[in-house]
Amino acid sequence: MKKKMSIKKVVINAKKAKVKQDLGGGFRRFVFFFTVNPFSTFTFTFSDPNWKPVSGGWWIQNPLSPSYAYSNYSATTNSWVTVVYNPASSARSVAFTIIAKL
């Protein structure tokens with residue numbers, strides 16, 4: 001059976017975060033949850049004119065199975081990009097975390 005790879009992209013702002021945590025000093029932590037399909041690449045872009053991301057990270061369900069971040073970088077003053085690949089044969093939940101300053 002041939003594996004079908006897909007590519008999904010989302011662009012999201014701070015208002016869509018499922019978790020918002022005030023870290024003090026104008027910093028806030030935002031967490032977003034998505035599902036990455038089997039054999040798929042998922043591009044997550046945080047973009048918000050009111051926030052300046054300083055760090056970004058990710059966590060994927062079942063970390064014992066392989067998963068890879070192709071990229072994790074600040075794209076502009078107000079955006080952060082993380083690209084994750086799920087080589088597993090099942091869909092997996094992934095959480096993207098952004099630390100940003102007003």
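All heavy atoms count here, side chains included; hydrogens, waters and symmetry mates do not.
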Minimum heavy-atom distance between Pro87 and Ser67, given as atom pair plus value | CD-CA, 3.9 Å
Above 12 or not: heavy atoms from other molecules or residues under 6.0 Å from NZ of Lys9?
-> no
Hey, could you give me the CZ/CD1 distance between Phe32 and Ile12, rounded to the nearest 0.5 Å?
-> 5.5 Å
Rounding to 0.5 Å, atoms OG1 (Thr35) and CD1 (Ile60) come to a distance of 10.0 Å
For Ile99, the rest of its hydrophobic cluster, which grows through side-chain links under 4.5 angstrom = Leu23, Phe27, Val54
Rounded to the nearest 0.5 Å, the NZ atom of Lys52 sits from the CG atom of Asn78 at a distance of 7.0 Å
Do Trp51 and Phe30 pass the ring pair (Phe, Tyr, Trp, His ring centres under 6.0 Å) test, and can you show the C-alpha distance, the side-chain angles, and the key distance before you say yes or no?
-> CA-CA 11 Å; Trp51 292 93; Phe30 301 101; 5.1 Å; yes
Which residues, ordered by chain and number, are linked to Phe33 in its hydrophobic cluster, where ILVMFWY side chains connect at heavy-atom gaps below 4.5 Å, directly or through other members?
-> Val19, Val31
If you group Ile, Leu, Val, Met, Phe, Trp and Tyr by side-chain heavy-atom gaps below 4.5 Å, do Trp80 and Val11 land in one group?
-> no
Gap separating the CG atom of Asp48 from the NZ atom of Lys16, nearest 0.5 angstrom | 12.0 Å
Can the ring centroids of Phe44 and Trp58 be said to lie less than 6.0 angstrom from one another?
-> no
Pairs in or reaching into residues 81-90: which pass side chain to side chain donor-acceptor pair (under 3.5 Å), with residues at least two apart or in two chains?
-> Asn72-Thr82, Asn86-Arg92
Minimum heavy-atom separation for Ser40 to Val36, with atom names?
-> O-CG1, 3.8 Å
Within 6.0 Å of NZ in Lys20, more than 12 heavy atoms from elsewhere = yes
Look at the rings of Phe96 and Phe42 and say which category their plane angle falls in: under 30° parallel, 30 to 60° tilted, over 60° perpendicular.
-> parallel
Note: Asn13 and Ser47 closest approach over all heavy atoms is CB-O, 3.4 Å
Quick one: which of Tyr70, Tyr73, Tyr68 gives a side-chain contact (heavy atoms from CB on, under 4.5 Å) with Val83?
-> Tyr70
